[in-house]
Amino acid sequence: MASRYGKRLRSIIIGVIIISFFPTLFFGVEQQKSMKPLEYMLGGRAYSLFPDIFEKFLYSMTILVAALLFGLFLALTITFISTLLPRSLQKIIYGFYTMLEALPDLFIIIVLQVSVVAIYKKTGLLIGNVSNVYDSKIYFFPILTLSILPAIQLFKITYLLLNEEMNKPYVNVARSLGHSNVYITINHVFRNVLASLFHYSRTIFVFMLSNLFILEYVFNLHGIMTIMLNTKGIAFIITVLFVAIPFSLLFEWIERYTERLNVHREEEAA
């Protein structure tokens, strides 16, 4: 396991180093010399990478993790409510969320921002700031916006996994013992569904991380992605690794956990 992760980590570092040379190839060495090695440019001014990177990383990861947890909560809640509805309504809800999934991220951001401005103009009620001003930090709308599409994806995945679980033998055994569908879903099915969701964690994370780039630009957030887009050379390498290494460790742990879980399930089945 350790050797496998070591190979992956080495591949990540080599890949980041190769990518960091692309600006030099396209724009020349002189542009790279305009900035010090441990600086990033923002608004035409140069800032020191340290200790700014710690604050920016914490800000971006707070938004990312909060959006993931909120999206997961919404997905599980909607999935649970859907299971209590007739099959025809379940299909309508699933089709509706499939349609929403096709909406571009930028479209959702703009709709939310325009809605807040329109409500403020008509009622004088400001639901929340839709852009960073000076050094103030906003959380509500970035978290809400970033959670919408992952919530839809997680709902679809959870819904399909739950329907698959409901057809397994242990559910029929529980029903024969007189347990209701609500009891079976809460106490047995959801536990297995959550374990299966770990398999999709890497895909969801990469999707949310790519959306975070757009989010920080549109909401004028000064987070880790903003630094990443405004650094070159060694500063770019450090910034990317600041994001890549912690999450590669997390995914390694998730992979080991799911492998142990699968072995446990196979032993129970045997």
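Along the sequence shown, residues carry numbers from 1. As a basis for the values below, the full set of heavy atoms in this structure was taken, side chains included, without hydrogen atoms, waters or symmetry mates.
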**Student:** Any side-chain heavy-atom pair from Tyr94 and Phe155 closer than 4.5 angstrom?
**Tutor:**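 The answer is yes, as the side chains (C-beta and beyond) meet within the 4.5 Å cut-off.
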**Student:** Nearest 0.5 Å please: distance from the OG1 atom of Thr83 over to the CD1 atom of Ile184.
**Tutor:**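 Between atom OG1 of Thr83 and atom CD1 of Ile184 there are 11.5 Å.
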**Student:** Work out which heavy atom in Ala75 is nearest to a heavy atom in Ala151; give both atom names and the distance.
**Tutor:** CB-O, 3.5 Å
**Student:** Using the side chain to side chain contact (heavy atoms under 4.5 Å, CB included) rule, pick out the option among Thr77, Leu84, Ile78 that qualifies with Ile81.
**Tutor:**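 So, applying the side chain to side chain contact (heavy atoms under 4.5 Å, CB included) to Ile81 and each of Thr77, Leu84, Ile78, only Thr77 qualifies.
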**Student:** Among Phe219, Tyr59, Phe70, which residue satisfies the ring-ring contact (aromatic ring centres under 6.0 Å, His included) criterion with Tyr139?
**Tutor:**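 It is Tyr59; the other options fail the test.
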**Student:** Less than 4.5 Å apart, side chain to side chain, heavy atoms only: is that true for Leu38 and Ile238?
**Tutor:**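 Heavy-atom side-chain distance check passes, below 4.5 Å.
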**Student:** State, with a plain yes or no, whether a side-chain heavy atom of Lys156 is found less than 4.5 Å away from one of Gln153.
**Tutor:**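 No, their side chains stay 4.5 Å or more apart.
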**Student:** Looking at OG of Ser82 and CD1 of Ile92, how far apart are the two atoms once the value is rounded to the nearest 0.5 Å?
**Tutor:** 11.5 Å
**Student:** Contact between Met228 and Phe213 at the side-chain level, heavy atoms closer than 4.5 Å - yes or no?
**Tutor:**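 Yes, their side chains come closer than 4.5 Å.
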**Student:** Is there a path of hydrophobic side-chain contacts, each under 4.5 Å between heavy atoms, that joins Ile93 and Phe73?
**Tutor:** no
**Student:** What do the steps show when you test Lys56 against Glu216 for salt bridge (charged side-chain N to carboxylate O under 4.0 Å, His left out), and what is the final call?
**Tutor:** CA-CA 11 Å; Lys56 308 300 184 186; Glu216 289 195 6; over 6 Å; no
**Student:** Flag yes if Leu58 and Phe54 sit in one hydrophobic cluster, no otherwise; membership is Ile, Leu, Val, Met, Phe, Trp, Tyr, and two members link when side-chain heavy atoms are under 4.5 Å apart.
**Tutor:** no
**Student:** Is there a side-chain contact between Leu221 and Ile63, using heavy atoms and a 4.5 Å cut-off?
**Tutor:** yes
**Student:** Do Thr239 and Val243 have side chains that get closer than 4.5 Å, going by heavy atoms?
**Tutor:**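 Thr239 does not reach Val243 side chain to side chain.
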**Student:** Decide whether Val171 and Val173 are clustered together by the hydrophobic rule: side chain heavy atoms of Ile, Leu, Val, Met, Phe, Trp, Tyr closer than 4.5 Å, transitively.
**Tutor:**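 No.
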**Student:** Which heavy atom in Ala67 sits nearest to a heavy atom in Ile143, and how many Å separate them?
**Tutor:** CB-O, 3.6 Å
**Student:** Heavy-atom count around Phe96 CZ within 6.0 Å, excluding the residue itself: above 12?
**Tutor:** no
**Student:** How far apart are the closest heavy atoms of Leu197 and Ile157, and which atoms are they?
**Tutor:**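 Where Leu197 meets Ile157 most closely, the heavy atoms are CD2-CG2, 3.6 Å.
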**Student:** Identify every side-chain donor-acceptor pair in residues 205-212 under 3.5 Å, counting partners at least two apart or on other chains, and give the distances.
**Tutor:**
residue	atom	partner	partner atom	Å
Ser210	OG	Val206	O	3.4
Ser210	OG	Phe207	O	2.6

**Student:** Give a yes or no on this: more than 12 heavy atoms of other residues, nucleotides or ligands lie within 6.0 Å of atom CZ of Phe50.
**Tutor:**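 Yes.
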**Student:** Using side chain to side chain contact (heavy atoms under 4.5 Å, CB included) as the criterion, point out the one residue from Asn163, Thr158, Leu74, Leu160 that pairs with Thr79.
**Tutor:**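 For Thr79, the side chain to side chain contact (heavy atoms under 4.5 Å, CB included) check succeeds only for Thr158.
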**Student:** CE/Met225 to CG/Leu229 distance, rounded to the nearest 0.5 angstrom?
**Tutor:**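 The CE atom of Met225 sits 8.5 Å away from the CG atom of Leu229.
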**Student:** List the atom of Ile224, the atom of Ser60, and the distance in Å for their closest heavy-atom pair.
**Tutor:**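 Result for this residue pair: N-OG, 2.8 Å.
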**Student:** Is there a path of hydrophobic side-chain contacts, each under 4.5 Å between heavy atoms of I, L, V, M, F, W or Y residues, that connects Leu69 with Leu250?
**Tutor:** no
**Student:** Distance from Leu68 atom CG to Met61 atom CE, nearest 0.5 Å?
**Tutor:** 11.5 Å
**Student:** Tell me the salt bridge (Lys or Arg N to Asp or Glu O under 4.0 Å) pairs involving residues 80-90, sequence neighbours left out?
**Tutor:** none
**Student:** Would you compute the distance between atom CG of Leu154 and atom OH of Tyr97 and round it to the nearest 0.5 angstrom?
**Tutor:** 12.5 Å
**Student:** Quick check: is Tyr200 connected to Val65 through a chain of hydrophobic side chains (ILVMFWY, heavy atoms under 4.5 Å apart)?
**Tutor:** no
**Student:** CG/Asn220 to OG1/Thr226 distance, rounded to the nearest 0.5 angstrom?
**Tutor:**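 If I round to the nearest 0.5 Å, the distance is 8.0 Å.
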**Student:** Please name the pair of heavy atoms, one in Tyr40 and one in Ser48, separated by the smallest distance, quoted to 0.1 Å.
**Tutor:** CE2-O, 3.5 Å
